[in-house]
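Residue numbers start from 1 in every chain, and the chains themselves are labelled A, B, ... in the order their sequence lines are given, proteins ahead of strands.
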Amino acid sequence: MVEIRQAARAALLIHIHGELAAPLSAATAASLRLPGDAAAVGADSLLPDAEAAASAARGLALVVDGLLDADFGGADSADMLSLRTVLRHALNTPLDRLRGRIDLMIEQDASTPLAPSLRLAAAACERLSWAIDAVTRFVTEPTCLPALFGGQPSARGEVLLIDGDIEGAGALTRRLEGRGYRVRAVTGEEAALAALPQAAWDLVLLDLGPSVEAGLDLLCRLKGRPVLRDVPVMVMAALPESEAAAACIAAGAEDYLAKPLNGPLLYARIGASIERKRLRDVERAHLDRLQWELTTARRLQASLLPRSFPAVRGVDGHGLTVPAREVGADFFDFIPLSDGRLGVAVGDVSGKGVAASFLMGMVRGLLRITAGAGMAPGACLERINTMLCENNDQAMFVTLVYGVLDAPRRSFTYANAGHNPPLLVGGAEPVFLPSTEGPALAVFPEAGYVDATVPLPAGAEIVFYTDGVVEAVDPHGCSFGAGRLVEAVARRGSASVQELVEGVVEDVRVFAAGQPLLDDIACAAVRLGGVGAASLPGAARAPDVAIDLRFGAKPGEVRRLLRIIDGFCRGHGVPDRVARHLALAVDEAVTNIIGHAFDHDPGSHEIRVRLELRGRALRVEVEDDGRPFDPTSVPARPSNLSLDEMPVGGLGVHIMRSVLDGFEYERDRAMNRLILVKHIAAAGRGGQT
Amino acid sequence: MTVEEFRQGGVVVLRPQGRLDSGAAPDLERQLMSQVSGPRPMIVVDMAGIDYISSSGMRILLLAAKRAKQAGGELGLCAPQEHVLDVLKISGLVRAFRIHAAAEAAVSEMAAEA
């Protein structure tokens, strides 16, 4: 192997030496003449530079001769790529020095009698520079040898030459082939069009010929071909540049060369044109790759969404997402569970693009695992939150509402991590499910999520959506809003769930009036079987609404409970004062339980709170498994005591009595159950003050 | 809970902020009890910054008012928000305190009696 490499290396250097021989001797000869010419024309001021140029030329010749030395480049050129670097450096350094001297002399005085000799030397150096570039370009591993000796496609480029003049074409072809291009010369439009698909052309050289107009027509037809869309066309014509160039460029040509052709200029322009084309090819390949990756990501993301609604007895459902960009991060899921229950989730990952989509896939997987293990929604969210917080380096977050639809028991138990409240359609007016005050996932490692349960009448529907729905904006900057969502849902009471979901999304699109979506949209709905409430004539009275909450008996949970009660009351139009009195009574009841009902570690015990709206009454049940305590047995005290008469103890019970309309206690199967009632119409006993 | 405290003409004014519930009551209790331990304590609790009060908060106020009175002083309240006053009225606790419209009025009235 080592011998082969050394043999290949020696062969390569011999080849390079041969390739450079002619241009090198031209450049050296032209440069070595400079001191003599300068002296002859009396350009004494240029003599020192001329001598320096001649000296540089001699140095360059020595370097080229040195290519044949066995140890050329030494250890620095051990492999082919290093060899290329060494070669380019060794050859270009003296050549740059030589060209620098010549340029300096041209700059000093272009009108000097030495100018013709200088231009000759400069052109020779230019040719040598191209030759060095071309010959070192082959030096790549491991394909350089076949490229050099096996007659493989030219690394410099495939050129299609279209020329009406066969002789002229032949001359140009030979010149270009001498520069390392592979050239195919054709005559006439038919032959040109036939040749187009036969190779991956890097450049088309078009000689306009005697009839410029006919030539331009041909140019237009050529550029019209899809196969030529990305191939530069360079036009040559015997016209002054200023006249023809504009017309050619307008017709799609990349460049224009005036005839007669100037050799170095021609090669430079061809080289530059092909270089640009190759850069564009690389760029396009890169873009194609990105597009492919995005398409793949979109396909993967779509595959994470349910393709069809699972078969669950007595339940129908449908979901839909509309990504705002290539890859969305909104999602929904239907998870069949035991006992005829169905898990329903809708979520939204902050941010967009592939990163958000990736996180979405993770959340969906974690939800499927926790939900499938039979965990309650709040426990699922807590577990997912813990895991996401451990691995959240990107400061992303996820809002998610997850609930279990229990069709046999006609209830929906849900927990909400900062997501838009689902809409419940069960009676005359759709209502948003009360908030359970849980923060978004992946933000607070210690966050807790409480479960709420709502009873569902037959035919009830729950509509889930992401903020892309309610925050969609119209051309005037107004947002779609919760009100339009309620209308969009209410209007489709008798439609199928699929029509409902598609209709909501359609309404959002119509509202946005063709403006691009700013955010992803997801919408999903489930409907219980049975007679829908919307089809019941005279379903005027609001149904009872109830939520069940469970939480650990910790002081920190009280404020959240009060916020949930506040949200529940607001959501059902309960007057502020009534809501405040109820919340105060619940605070007293729960604070008392946490402080006094348990001997050890109250946080390990659970408190259950059921909140109901029954007609015009709010009813709250508070249950705990602590030691028996009946607050209603505490004697009532008059409200007109003076400071000295007023006892400090028993204030909590006194306040509950003061603000409530009903206050009962039951001991049931080792549980304390306190029932607090507050009427909405009459403002309670406190109303008289 | 942060409780601002300053003295003006022999009257101590305390300004608790936020919710006066079981979580926050111990902070106010500590400050109030240190004030009522002296002779003839004249104290005003400015309630303007309190947006919620439960029995835990009321118990502290009541206890401090009793102590202040025993020591020959007084604890008054001023500027309660409407819904806080509502609860004080419903529970009858309003009878345990003089309630002034503003801190300045409370200070000048109590300073005159001191």
Fill in: Closest contact, heavy atoms only, B/Ile53 versus A/Leu584
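Heavy-atom minimum between the residues: O-CD1, 3.6 Å.
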Item to complete: Please name the pair of heavy atoms, one in A/Asp644 and one in B/Lys66, separated by the smallest distance, quoted to 0.1 Å.
Response: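 The answer is O-NZ, 3.3 Å.
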Worksheet item: With only heavy atoms counted, which part of B/Val87 is less than 4.5 Å from chain A, the side chain, the backbone, both or neither?
Response: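 B/Val87 touches chain A through side-chain heavy atoms alone.
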Practice prompt. Can you tell which part of B/Leu93 gets under 4.5 Å to a heavy atom of chain A, answering side chain, backbone, both or neither?
Written response: both
[X] atom [atom1], neighbour heavy-atom count above 12 within 6.0 Å:
| X | atom1 | answer |
| --- | --- | --- |
| A/Phe397 | CZ | no |
| A/Phe444 | CZ | no |
| A/Arg667 | CZ | yes |
| A/Arg610 | CZ | yes |

Worksheet item: Picking from A/Val558, A/Asn592, A/Asp587, which has the most non-hydrogen pairs under 4.5 angstrom with chain B?
Response: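 With the most close heavy-atom pairs to chain B, the winner is A/Asp587.
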Fill in: Residue among A/Asp576, A/Leu651, A/Ile594 with most heavy-atom pairs under 4.5 Å to chain B
A/Leu651
To the nearest 0.5 angstrom, please state how far the [atom1] atom of [X] sits from the [atom2] atom of [Y].
| X | Y | atom1 | atom2 | result |
| --- | --- | --- | --- | --- |
| B/Tyr52 | A/Leu562 | OH | CG | 5.0 Å |
| B/Ser22 | A/Arg559 | OG | CZ | 8.0 Å |
| B/Glu74 | A/Leu643 | CD | CG | 9.5 Å |
| B/Asp21 | A/Glu588 | CG | CD | 10.0 Å |

Discussion item. Between A/His654 (side chain only) and B/Ser91 (backbone N and O only), is there a donor and an acceptor less than 3.5 Å apart?
Written reply: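 Side chain of A/His654 to backbone of B/Ser91, a donor-acceptor pair under 3.5 Å: yes, one is there.
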Fill in: Stepwise salt bridge (charged side-chain N to carboxylate O under 4.0 Å, His left out) test for A/Arg580 and B/Asp86
CA-CA 10 Å; A/Arg580 272 199 304 270; B/Asp86 175 47; 5.3 Å; no
Worksheet item: Got B/Ile90 and A/His581 here, is their nearest side-chain heavy-atom distance under 4.5 Å?
Response: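 Heavy-atom side-chain distance check passes, below 4.5 Å.
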Worksheet item: Which of residues 95-103 of chain B get closer than 4.5 angstrom to chain A, counting heavy atoms alone?
Response: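 Only B/Arg95, B/Ala96 of residues 95-103 of chain B have a heavy atom under 4.5 Å from chain A.
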